[in-house]
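To start, the structure itself, in structure tokens.
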Amino acid sequence: MSDPATAPSDPAPDANCPASTAASSASSASSADPADAAPWRTVEALVGWLDRESALPQEQERLLRVLKLSEEVGEAAQAVIGATGQNPRKGHSHTWGDVHAELCDVIVTAMVALRTLTPAARQVFEGHLRRIAERVPGPRPAPEAGAGTD
């Protein structure tokens, strides 16, 4: 099995997305902050590793990566039930640390699914997060350097 850490750092053109070439150049333009880019570099490595290891048709692989979210959300729910002791047969079978880990798995799985669908995953996510932040009442966080360069 290949190691996800050895995946190339530059995203390859993505046959799943017709805008791959434009998105790839946009992606390199917005990765000015290395700390913000680190999770996306890891996601890129994971997607490359999963792509290399998959024997499935591309369309089926895309669908399964989205469906994988349901599995991970179920595991997070199971951890909450275990942390609160709501299953009398199992009692307190999980900790809140387990819940935290499962929620991280949900986030990473969603990031991988989004990147599988578009090479501009980081920009799509950041733009969506900005739109959500605009709906929050009260003071808004200060815009970060380079924000708004979609």
Side-chain angles (χ1 to χ4, degrees), residues 4-5 7-51 54 58-88 90-150:
S9 59
D10 290 338
D14 188 342
N16 292 332
C17 181
S20 177
T21 308
S24 292
S25 49
S27 131
S28 56
S30 73
S31 54
D33 184 353
D36 287 349
W40 290 104
R41 283 193 300 270
T42 300
V43 167
E44 192 69 39
L46 289 169
V47 169
W49 173 62
L50 291 168
D51 286 348
S54 178
Q58 193 173 47
E59 191 64 23
Q60 186 176 1
E61 186 65 42
R62 291 173 65 184
L63 294 173
L64 290 172
R65 289 188 193 168
V66 173
L67 290 176
K68 177 78 173 157
L69 277 167
S70 294
E71 177 190 353
E72 296 299 339
V73 169
E75 291 174 10
Q78 182 179 17
V80 169
I81 290 167
T84 57
Q86 292 304 302
N87 183 336
K90 294 182 181 180
H92 284 80
S93 59
H94 291 75
T95 67
W96 286 104
D98 295 328
V99 175
H100 301 166
E102 295 298 343
L103 289 173
C104 289
D105 286 348
V106 170
I107 293 166
V108 171
T109 302
M111 291 172 79
V112 165
L114 182 60
R115 173 52 191 90
T116 297
L117 297 176
T118 176
R122 180 178 176 189
Q123 292 74 29
V124 169
F125 177 75
E126 289 173 352
H128 191 80
L129 193 57
R130 276 193 302 274
R131 288 186 295 279
I132 290 170
E134 289 169 1
R135 296 191 310 244
V136 174
R140 292 196 173 88
E144 296 185 32
T149 57
D150 287 345

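When side chains are defined from C-beta on, D36 counts as touching R122, because their heavy atoms get closer than 4.5 Å.
Between L117 and V66, the closest heavy-atom pair is CD1-CG2, 4.2 Å. Closest heavy-atom contact between T116 and V47: OG1-CG2, 4.1 Å. Heavy-atom minimum distance, L114 versus A121: CD2-O, 3.6 Å.
Interatomic distance, CZ of R130 versus CZ of R135, reported as 13.5 Å (0.5 Å rounding).
Using a 4.0 Å cut-off between charged side-chain N and carboxylate O, R62 and E59 make a salt bridge.
Side-chain atoms of T84 come within 3.5 Å of backbone atoms of I81 as a donor-acceptor pair (strictly under, hydrogens ignored).
The side-chain hydrogen bond (donor to acceptor under 3.5 Å, both in side chains) pairs that include a residue from residues 97-107 are T95-D98, where partners are two or more places apart or lie in different chains.
Scored by the side chain to side chain donor-acceptor pair (under 3.5 Å) test, K68 finds E71, E72 as partners (sequence neighbours excluded). Residues satisfying the side chain to side chain donor-acceptor pair (under 3.5 Å) criterion with D51, sequence neighbours excluded, are R65.
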